[in-house]
Engineer: 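Sharing a structure below in structure tokens format, with a few things to ask.
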2 protein chains.
Amino acid sequence: MPTAQACTPTLPGFTCGLDATLRVIAGKWKPLILYFVAQGGPTRYGALRRAVRDVSDKMLIQQLKELEADGLVKRTDYKEIPPRVDYSLTPLGRSLAEALVPLCSWGTENMAEVTRVFAERDALNSQRPEPSGQSTRIE
Amino acid sequence: MPTAQACTPTLPGFTCGLDATLRVIAGKWKPLILYFVAQGGPTRYGALRRAVRDVSDKMLIQQLKELEADGLVKRTDYKEIPPRVDYSLTPLGRSLAEALVPLCSWGTENMAEVTRVFAERDALNSQRPEPSGQSTRIE
DNA sequence: CGGAATCCGGGTGGATACTG
DNA sequence: CAGTATCCACCCGGATTCCG
């Protein structure tokens with residue numbers, strides 16, 4: 001019912017609202033970055049790096065730059081020594097982060113289910129001629 | 001700010017609910033697929049291909065298979081000639097699609113903004129001959 | 001501390017051709 | 001109509017190293 005018909009083409013280039021959103025948050029870490037900054041307020045680079053586990057400097061910086069270029073996050077350099085920089089959300093970024101909340105809730109509620117499904121999939125993978133453990137497939 | 005701290009680690013493997021969700025919908029087309037199927041009910045392959053613009057057969061099938069393996073969509077083959085197959089959402093998939101609604105709304109509301117930002121970015125890219133590295137933008 | 005630059009392997013994903 | 005199969009360019013993203 002309210003399955004939202006908000007997906008009506010309005011501007012050229014995007015097929016629908018979801019399409020537009022995806023172009024902005026496409027990227028392995030962007031949603032997590034947005035979400036963590038939304039929760040923590042202005043967040044220092046190091047803190048962000050620790051929060052978004054397994055992200056490398058290169059990727060974190062890259063995604064942050066794109067988010068900044070897209071007007072979702074704001075970078076503040078305090079020009080101090082040692083360096084201090086923090087990242088905060090713009091109003092636009094804040095509104096997008098709000099839209100991510102349901103996704104987070106969904107994950108929390110269905111984490112057990114997701115874990116199970118992934119375990120099954122990994123079990124199938126390990127039956128294949130695939131030596132060594134780690135299966136960081138994803139994305 | 002009710003910025004939801006639903007992002008509390010609960011199960012090993014995932015840092016938070018959002019992390020879990022992202023592992024499931026990571027993939028260029030999955031959110032769009034979920035959303036279109038959610039809107040249209042059981043959707044035929046061809047219809048989906050037309051709905052998700054610019055997707056190739058290969059990618060569409062691949063993503064559909066993963067969604068199916070993850071228990072989000074259900075494939076129905078009517079074994080007819082000519083072939084007829086449709087895809088529908090499982091309860092799990094339906095709940096996830098619901099969680100996508102805010103993202104779609106956000107895109108619709110901020111499409112003008114997004115379009116503008118992207119235009120600026122593209123403008124900058126085309127201005128730079130960039131001596132140290134070929135940056136032939138995007139497709 | 002907060003990056004930037006470079007190298008590099010593997011996966012992603014497009015194009016095309018073919019099948020039932 | 002609903003896929004499958006193959007080739008392959010490209011870029012994502014990790015590791016490493018260096019800089020202010």
Side-chain angles (χ1 to χ4, degrees), chain A residues 22-23 25-33 36-37 42-69 73-88 121 125 128-132 134-139, chain B residues 22-23 25-33 36-37 40 42-69 73-88 125 128 130-139:
Chain A
L22 291 174
R23 309 239 192 155
I25 54 168
K28 202 173 184 178
W29 311 100
K30 286 185 188 176
L32 286 175
I33 292 173
F36 282 127
V37 176
T43 308
R44 294 193 58 168
Y45 178 84
L48 208 47
R49 188 160 182 358
R50 265 169 271 124
V52 185
R53 284 199 334 187
D54 302 335
V55 73
S56 64
D57 280 320
K58 175 187 171 183
M59 289 318 299
L60 183 52
I61 280 296
Q62 177 191 301
Q63 307 264 305
L64 279 170
K65 280 187 175 174
E66 292 182 14
L67 288 172
E68 192 188 356
V73 311
K74 179 163 153 296
R75 193 186 105 113
T76 306
D77 187 339
Y78 294 93
K79 314 273 188 188
E80 297 177 354
I81 296 178
R84 184 161 69 99
V85 173
D86 66 35
Y87 295 87
S88 55
R121 181 182 282 193
N125 282 346
R128 292 261 170 160
E130 189 105 16
S132 74
Q134 271 312 350
S135 56
T136 328
R137 40 178 334 282
I138 316 173
E139 214 256 348
Chain B
L22 291 174
R23 310 241 191 155
I25 54 168
K28 203 172 181 177
W29 310 100
K30 286 183 186 177
L32 285 173
I33 292 173
F36 282 128
V37 176
T43 308
R44 297 193 56 170
Y45 178 85
L48 208 47
R49 186 152 179 11
R50 264 169 271 122
V52 185
R53 280 198 337 190
D54 301 336
V55 72
S56 64
D57 280 322
K58 176 187 171 183
M59 290 316 301
L60 183 52
I61 280 296
Q62 176 190 302
Q63 307 263 306
L64 279 171
K65 281 186 175 174
E66 292 183 14
L67 288 172
E68 193 189 358
V73 311
K74 179 164 154 292
R75 193 187 105 112
T76 307
D77 187 340
Y78 294 93
K79 314 272 187 187
E80 296 176 354
I81 297 178
R84 184 159 71 97
V85 173
D86 65 36
Y87 295 86
S88 54
N125 281 345
R128 309 188 64 176
E130 207 51 43
S132 65
Q134 75 303 6
S135 57
T136 323
R137 269 293 282 131
I138 316 186
E139 53 267 50

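Just so it is clear: chains get the letters A, B, ... in the order the sequence lines come, proteins before strands, and each one is counted from 1.
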Engineer: Considering only D:dG14, C:dG14, D:dA2, which nucleotide approaches the side chain of B:R75 most closely?
Structural biologist: D:dA2
Engineer: Quick one: CD on B:E68 to CD on B:Q63, what's the gap to the nearest 0.5 Å?
Structural biologist: 13.5 Å
Engineer: Tell me: NZ of B:K65 to P of D:dT4, nearest whole Å?
Structural biologist: 4 Å
Engineer: Measure the distance from CD on A:Q63 to C1' on C:dG2 and round it to the nearest whole Å.
Structural biologist: 17 Å
Engineer: Figure out the CG/P separation between B:D86 and D:dA2, and round it to whole Å.
Structural biologist: 9 Å
Engineer: For the NZ atom of B:K30 and the CE atom of B:M59, what is their distance to the nearest 0.5 Å?
Structural biologist: 9.0 Å
Engineer: List in chain and number order the residues that pass side chain to side chain contact (heavy atoms under 4.5 Å, CB included) with B:R50, two or more places apart in sequence or in another chain; answer none if no residue qualifies.
Structural biologist: B:A47
Engineer: Can you measure A:K58 atom NZ to D:dT17 atom P for me and round it to whole angstrom units?
Structural biologist: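 After rounding, the reported distance stands at 16 Å.
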Engineer: Would you kindly give the CG-to-P distance between A:D77 and C:dA4, to the nearest whole Å?
Structural biologist: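 Those two atoms, CG and P, are 11 Å apart.
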Engineer: State which residue, out of B:L48, B:L67, B:V73, fulfils the side chain to side chain contact (heavy atoms under 4.5 Å, CB included) condition with B:V37.
Structural biologist: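 Passing option: B:L48.
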Engineer: Taking only the side-chain heavy atoms of A:D57 (C-beta and beyond), determine which of D:dA2, C:dT6, C:dG3 contains the nearest atom.
Structural biologist: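 Output: C:dG3.
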Engineer: Side-chain N or O of A:R44 versus OP1/OP2 of C:dC1: is the shortest distance under 4.0 Å?
Structural biologist: no
Engineer: Can you check the B:K28 NZ to C:dT12 C1' distance for me, whole Å?
Structural biologist: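 Atom NZ in B:K28 sits about 9 Å away from atom C1' in C:dT12.
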Engineer: From the options C:dG2, D:dC1, C:dC7, select the nucleotide whose nearest atom is closest to the side chain of A:V85.
Structural biologist: C:dG2
Engineer: What integer distance in Å separates A:L48:CG from C:dC1:P?
Structural biologist: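 It is 15 Å, rounded to the nearest whole Å.
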Engineer: Using heavy atoms to find the nearest nucleotide of DNA chain C for B:V55 and A:Y45 separately, return the residue whose nucleotide is more 5′.
Structural biologist: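 Residue closer to the 5' terminus by nearest nucleotide: A:Y45.
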Engineer: Could you pick out which residue, B:R84 or A:S56, lies toward the 5' side of DNA chain D when each is mapped onto its nearest nucleotide?
Structural biologist: B:R84
Engineer: What's the shortest heavy-atom distance between A:P42 and A:S88, and which atoms?
Structural biologist: CA-CB, 4.2 Å
Engineer: Give the nucleotide from the list D:dC1, C:dA4, D:dG3 with an atom nearest to the side chain of A:I61.
Structural biologist: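 Side chain of A:I61 sits closest to C:dA4.
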Engineer: What nucleotide among C:dC1, D:dG3, C:dG14 has an atom nearest to a side-chain atom of B:Y87?
Structural biologist: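 When the side chain of B:Y87 is considered, D:dG3 is the closest of C:dC1, D:dG3, C:dG14.
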Engineer: Find the distance B:L32:CG to C:dG13:P and express it as a whole number of Å.
Structural biologist: 13 Å
